[in-house]
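First up is the structure itself, then whatever we jot down about it.
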Amino acid sequence: MVEMTKEADASEEVKPRSVRVVLMALMIAMLLAMLDNMIIGTAMPTIVGELGGLEHLSWVVTAYTLATAASTPIWGKIGDMYGRKGSFLTSIVIFLIGSALSGMAQDMGQLIGFRAIQGLGAGGLMVGVMAIIGDLIPPRERGKYQGMMAGVMALAMIGGPLVGGTITDHMGWRWSFYINLPLGIVALAMVSAVLHLPKKRAQGKIDYLGAALLTVAITSTVLVTTWGGTEYAWGSAEIIGLIVTGIVSIAGFIYAETKAAEPVMPLHIFRSRNFTLMSVIGFLVGFAMFGGVLYLPLFQQSVQGASATNSGLLLLPMLLSMMVISLVAGRVTTNSGKYKMFPIIGGALMVVGLFLLATMDTDTSRLMSGVYMAVLGAGLGFLMQITMLVAQNSVEMKDMGVASSSATLFRTLGGSFGVALMGSLFTSQVTSTMTDRLGPEAAAKAGSAQLDAASLAKLPEVVRDAYQHAVAAGTHSAFLLGAGIAVLGFVAAWFVKEVPLRGAGPAGASGGGAEKEAAAPQATAVAH
């Protein structure tokens, strides 16, 4: 009897170590997906200088983003139907193939095509990480690891530009892609050796019609938000055509999902009020975060004279605040099982943070802008991982993949809309302010200048002053829009119902029978 107890204790000791090793591999994969665009952004001027094709520059990013967004829900469904481990390993391999091919590209056309392959793999990386964590760790315990995921995100945003600049300067731009290979191989080896999940074999066929219609809908949406107001006017035939295509394909997708035996995105998951609310809040989090990440460095470089070299460091107050708050919220959730207050507090702080950022002008100090960023970061910290946690807790285990992919997709689409709408408002306000201060001709000439401290220093003082006021006015409008949109998230948070999280709490805590049963398959997911 004593020996059996010792064996049980040993088993319980091994499991946390196994989970930690798997989580380390998952975090490496997550870092791969998030770090890539940050590194490539820094290397792009050098890439264009060697390969040419400046007119196709935006497609290097757009191809990757489109492929990632379009493939995200499909990866989630494949994982649910045929097993999480196999689909995750496949996505890593595709990502690495795309990385290797991108590094060997000989012209811009090849690079764009290979970036699309890379994006297909990246879509499975993020979903795979979230869904596997959902399989391995009961929601009640998952809060412990939120800080780790927030830390990876902060590391990617801060370290990406620094790493990208260093690699490009000393090793050449091709290594911006090749650097993924050793990290990916380590993740592959660790996941293959340590992760053991139950194998699945679904009887139904993949919902190809639903997948195709959803891909068209996502592609149309991303292209509208990417091209609208930049490549094409909002009222142009191209943008209107894309909007119509998106609406028709969404309607067709909804109809197809009601008929499919194994829908790629089962509509029944949206019957859960919490899941639907978390999808909305996740969309708004993406809207606020990506808008902030884009326009905060722009303001600091143009108005406050910060260097563009360490652009990732400019976001440090926001990212550190987000990481610390995410860790604290996760611990409290694990210890108490309570989480409803976090979306409410996070929603309020996100509104306040965006409004404070909207008050910045040419006299705002770096200290004050750092404080405002920290407030926004705290709001995002309360929301980032909680939205995924509650979304996963709102569905059955068999739908874990589609729940994770849907939550990820809505956050991605929110980011696309945020960048597009805030960008359109920003550009319009900058143009208007420049015209008011300098007149149409002078504003047009100044508008071609680079929005960085070095270039602005070379401009006449009158032009430079007008430019800084214009950027401040554009930033004000963009963040004011963000604050208004974020109010919807704050309102939505009040309607979240506090459903008990599956899984056991801390020692001594007791859960209902259903919760224990839900945790059972998760407890056996990792081989010891």
Side-chain angles (χ1 to χ4, degrees), residues 130 134 139-140 142-143 146 149-150 267-292 318 321-322 324-358 372 374-395 399 403-404 406-415 417-418 421-422 479-503 505 515:
M130 297 302 175
R140 182 68 184 268
R142 215 171 294 156
Q146 287 183 15
M149 288 182 275
L267 299 182
H268 67 78
I269 61 176
F270 293 98
R271 293 176 191 156
S272 165
R273 183 172 74 183
N274 275 6
F275 183 85
T276 302
L277 288 170
M278 286 303 127
S279 298
V280 171
I281 294 171
F283 179 92
L284 298 172
V285 166
F287 192 105
M289 185 179 71
F290 287 101
M318 184 178 86
S321 174
M322 183 176 72
V324 171
I325 294 298
S326 182
L327 180 62
V328 171
R331 288 289 180 180
V332 172
T333 301
T334 296
N335 292 334
S336 69
K338 305 292 184 183
Y339 57 80
K340 180 174 179 175
M341 60 180 172
F342 295 135
I344 294 173
I345 296 171
L349 287 174
M350 190 163 72
V351 173
V352 172
L354 288 166
F355 179 77
L356 289 173
L357 290 171
Y372 299 161
V375 175
L376 176 59
L380 294 173
F382 279 118
L383 291 167
M384 283 292 293
Q385 305 304 332
I386 288 292
T387 51
M388 180 65 73
L389 174 67
V390 178
Q392 291 179 334
N393 190 61
S394 302
V395 301
D399 291 324
S404 303
S406 298
T408 303
L409 176 63
F410 280 111
R411 188 178 298 175
T412 302
L413 293 178
F417 275 91
L421 297 180
M422 292 171 79
F479 283 120
L480 201 58
L481 171 66
I485 295 292
V487 170
L488 299 175
F490 175 66
V491 172
W494 285 95
F495 293 92
V496 173
K497 184 180 179 182
E498 192 146 54
V499 179
L501 295 173
R502 289 191 296 262
E515 291 175 36

- line: Heavy-atom closest pair (Ala374 atom, Ser321 atom, distance to 0.1 Å) is O-OG, 2.7 Å
Nearest atoms (heavy-atom pairs only) where Leu349 meets Gly379: CB-CA, 3.6 Å
query: What's the spacing between Arg271 CZ and Ile269 CD1 if we round to 0.5 Å?
result: 10.5 Å
field: Within 6.0 angstrom of Phe410 CZ, more than 12 heavy atoms from elsewhere
entry: yes
Approximate separation, where rounding is to 0.5 Å, of Leu380 CG and Ile325 CD1: 11.0 Å
message: Please check this pair: side chain of Arg411 against backbone of Met384, looking for a donor-acceptor N/O pair closer than 3.5 Å.
response: yes
Nearest heavy-atom neighbours spanning Met422 and Phe479: CE-CD2, 3.9 Å
Using a 3.5 Å cut-off and no angle test, enumerate the donor-acceptor pairs between side-chain atoms of residues 274-292 and protein atoms at least two apart in sequence or in another chain.
from: Asn274; atom 1: OD1; to: Lys497; atom 2: N; distance (Å): 2.9
from: Asn274; atom 1: ND2; to: Lys497; atom 2: O; distance (Å): 2.6
from: Thr276; atom 1: OG1; to: Phe270; atom 2: O; distance (Å): 2.8
from: Thr276; atom 1: OG1; to: Ser272; atom 2: O; distance (Å): 3.2
from: Ser279; atom 1: OG; to: Phe275; atom 2: O; distance (Å): 3.0

statement: On a heavy-atom basis, the closest approach of Lys340 and Ala493 is CE-O, 4.2 Å
message: To check you understand the geometry: which heavy-atom pair defines the closest contact between Met130 and Met388, and what is its length?
response: CG-CE, 3.7 Å
message: With a 4.5 Å cut-off on side-chain heavy atoms, are Lys338 and Thr333 touching?
response: no
query: What residues, two or more places apart in sequence or in another chain, satisfy ring pair (Phe, Tyr, Trp, His ring centres under 6.0 Å) together with Phe342?
result: Phe382
message: Measuring only between side-chain heavy atoms, which start at C-beta, is Met318 closer than 4.5 Å to Tyr372?
response: no
message: Could you tell me if the side chain of Ser394 sits less than 4.5 Å from the side chain of Val499, heavy atoms only?
response: no
query: Under the side chain to side chain contact (heavy atoms under 4.5 Å, CB included) test, which residues partner Phe490, sequence neighbours left out?
result: Ile344, Ala348, Val351, Trp494
query: Looking only at heavy atoms, which two atoms of Val395 and Asp399 are closest? And how far apart?
result: CG2-O, 3.9 Å
- line: For Tyr339, the ring pair (Phe, Tyr, Trp, His ring centres under 6.0 Å) test, sequence neighbours excluded, returns none
